[in-house]
Number of protein chains: 2
Amino acid sequence: MSKAELKKVSDTKITKFVKKGEAIFSEGEKLNGVYCVRDGVSKLSKLSPNGKDQIVKLATQGAVLGQRSVIAQETSNLSAVAVKDMEVCFIPKDIIEETLSSNPDFAVEVLRHMAHDLKEADDVIVNMSQKTVKQRVAEAFIYLRDNFGEDKEGYLSLTLSREDIANVVGTATESAIRIISDFKKLGLIKTSGKMIGIYDEKRLIEMAKGH
Amino acid sequence: MSKAELKKVSDTKITKFVKKGEAIFSEGEKLNGVYCVRDGVSKLSKLSPNGKDQIVKLATQGAVLGQRSVIAQETSNLSAVAVKDMEVCFIPKDIIEETLSSNPDFAVEVLRHMAHDLKEADDVIVNMSQKTVKQRVAEAFIYLRDNFGEDKEGYLSLTLSREDIANVVGTATESAIRIISDFKKLGLIKTSGKMIGIYDEKRLIEMAKGH
DNA sequence: CAGGAAAACTGACAATTGTCATGTTTTGAC
DNA sequence: GTCAAAACATGACAATTGTCAGTTTTCCTG
């Protein structure tokens, strides 16, 4: 992006704070721009016909929410809700569209990013369809550690509710809870309240691979 | 694309015929360009660690294979194998990259397309994680009819092996076969050899929705 | 800090799905 | 046409997962 363009963006951007549990936008909503995540974490989920909310992605610092819908000129196919207090900045879609069509480098940049997302989505599809719930839960913890880190005591920095964990994994809340209990009994993880920590990484990774 | 660009593309493109069962490229392969599907159908699949091949997408006329990998400058994350004799034309990646960075409209066009694919991938994730195998099989038949049509006798124009159907749905081959038998007994579909036809669309759609 | 709501947890059971074993049919090469 | 290999099909059973019902714990609000 040129300096002039950068300036225009920073002039028009609006910073917004979103508390944990609050929505940034909802499925089916028409978006007038995109939201850059400066801080915090958002879950991107889609309501399934049976009433459950499948979490498709967790977005953190650097992610751009709503990009897909704005580019495709469609309403959002996902809901975005904060799972950790957030700071986001809004960029109107006019700016995006203008920059896209005037600046090929920007377009290619966005394209690369979207190509990456698409690959990740493919991976999720394979995991969902070919791995057991137990494997997916194990994988989820490793993913959470790798992407959001852990505190000094070894607990995952991003604490999700059991229901959210179940919705990431795509299973019933009770099943997720049961598997968490099992993992704890097996000494793979430790828990403290709703916080979860990885205790035996090696064996947890084994579990994710299927024994 | 300008006329000069179009000319360059049509000068460099190489038409190739791929027989049913043959691969266009494989997972992990480095691609030197993309393949436009002129005719036929390809399955795009990914090997899961347990040895099963999950079909992520079926691509037909108009689809561009390898686009994601070429844009992201990565090796392919999927394998492409013909499930119906194909005619594809190859476009070297240099041409793609050059056109992308010189022609914003082309980039935006590709971007829109990829945004659409991403939405579809999200939908697949939700289906995989929230629907039963029975629902997914029913949905698969409706999808096959809507996207590939049916012949005069009402059989799906695209005939997949039972194994491929299982791999689309993400289940064991035996489970897929059993469900196909059940659907037939229930009068939802009809079969003739490996061909499958939709017999009672309304009830099949009900089944896809969950009873 | 009391009380109520929400979240976490557990048990019992049913439904779904996968696996293995085996038989049947179809297909394709010769 | 024949024969072997592959694909299709079914049964029996085990493993996984979901559902419902109920208890305990945690969290939040006044």
Side-chain angles (χ1 to χ4, degrees), chain A residues 19-22 48-54 81 83 85 127-140 155-156 159-186 189-196 207-208 210-211, chain B residues 19-22 43 48-54 81 83 85 127-140 155 159-186 189-196 207-208 210-211:
Chain A
K19 286 230 184 67
K20 177 173 169 171
E22 287 177 4
S48 81
N50 71 25
K52 274 186 194 157
D53 216 36
Q54 175 65 34
V81 174
V83 289
D85 291 357
N127 278 343
M128 284 295 176
S129 54
Q130 303 286 3
K131 295 199 168 174
T132 65
V133 174
K134 213 175 268 187
Q135 288 177 286
R136 272 148 41 208
V137 171
E139 228 169 42
Y155 290 102
L156 297 173
T159 302
L160 295 176
S161 70
R162 301 299 194 245
E163 189 182 359
D164 278 343
I165 292 173
N167 290 345
V168 166
V169 166
T171 190
T173 306
E174 296 94 322
S175 295
I177 289 174
R178 237 181 279 275
I179 288 170
I180 291 169
S181 296
D182 289 350
F183 282 3
K184 193 177 173 181
K185 275 177 205 144
L186 289 170
I189 61 172
K190 56 186 174 180
T191 68
S192 171
K194 55 174 53 179
M195 293 201 304
I196 289 171
M207 179 65 78
H211 283 262
Chain B
K19 285 229 183 69
K20 177 173 169 172
E22 286 177 3
K43 61 177 172 182
S48 82
N50 71 25
K52 274 186 193 157
D53 216 37
Q54 176 64 34
V81 174
V83 288
D85 290 359
N127 277 343
M128 284 294 175
S129 55
Q130 303 286 3
K131 296 198 167 175
T132 65
V133 175
K134 213 175 268 187
Q135 288 176 285
R136 275 155 30 214
V137 171
E139 229 169 40
Y155 290 102
T159 302
L160 294 176
S161 69
R162 303 298 195 246
E163 189 181 359
D164 278 343
I165 292 172
N167 290 344
V168 166
V169 165
T171 190
T173 306
E174 296 94 323
S175 295
I177 289 175
R178 237 182 280 275
I179 289 170
I180 290 169
S181 296
D182 290 351
F183 282 4
K184 192 178 173 180
K185 274 176 206 145
L186 289 170
I189 61 172
K190 57 185 174 180
T191 68
S192 171
K194 53 175 53 181
M195 293 202 303
I196 289 171
M207 178 65 78
H211 280 262

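Below, chain A is the first sequence line, B the second, and so on; all start at residue 1.
For C:dG18, one of the phosphate oxygens OP1 or OP2 lies less than 4.0 angstrom from a side-chain nitrogen or oxygen of B:Ser175. Contact check, A:Lys52 against D:dT19: a side-chain N or O comes under 4.0 Å of OP1 or OP2. Look at B:Arg178 and you won't find any side-chain N or O under 4.0 angstrom from OP1 or OP2 of D:dA9.
Here the C1' atom of nucleotide C:dA8 and the CG atom of A:Asn167 are 15 Å apart, to the nearest Å. Between the P atom of D:dT26 and the CD atom of A:Glu163 lies a distance of 19 Å, rounded to the nearest Å. Rounded to an integer number of Å, the gap from CZ of B:Arg136 to C1' of C:dT16 is 11 Å. Taking atom CD on A:Glu174 and atom P on D:dT16, their separation rounds to 18 Å, with Å as the unit. One interatomic measurement links the two molecules: NZ of A:Lys184 to P of C:dA8, which rounds to 13 Å at whole-angstrom precision. Distance A:Lys131 NZ to C:dT17 C1': 19 Å, rounded to the nearest Å. Taking atom CD1 on B:Ile177 and atom C1' on C:dG23, their separation rounds to 13 Å, with Å as the unit. Atom CD of A:Gln135 is separated from atom C1' of C:dG18 by 13 Å (rounded to the nearest Å).
Comparing B:Thr171 and A:Ser181 by the nucleotide of DNA chain C whose heavy atom lies nearest to each, the residue mapping closer to the 5' end is A:Ser181. Remark on DNA chain C: of its neighbouring residues B:Gly170 and A:Leu160, the 5'-side contact belongs to A:Leu160, judged by nearest-heavy-atom nucleotide.
Under the 3.5 Å distance criterion, the side-chain polar atoms of A:Arg136 are left unmatched by any main-chain donor or acceptor of A:Val168. When atom types are taken as modelled, the side chain of B:Ser192 and the backbone of B:Met195 share no donor-acceptor pair closer than 3.5 angstrom.
For the pair B:Ser129 and A:Met128, the minimum side-chain heavy-atom distance is below 4.5 Å. The shortest side-chain heavy-atom distance between A:Thr171 and A:Ile179 does not fall under the 4.5 Å cut-off.
The two residues A:Lys184 and A:Thr191 make their nearest non-hydrogen contact at NZ-OG1, 2.8 Å.
Out of D:dC8, C:dA7, D:dT19, the shortest distance to the side chain of A:Lys194 is found at C:dA7. Picking from D:dT17, C:dC20, D:dA9 the nucleotide with the shortest atom distance to the side chain of A:Thr132 gives D:dT17. Of the candidates C:dG18, D:dA9, C:dC9, the closest approach to any side-chain atom of B:Ala172 belongs to C:dG18.
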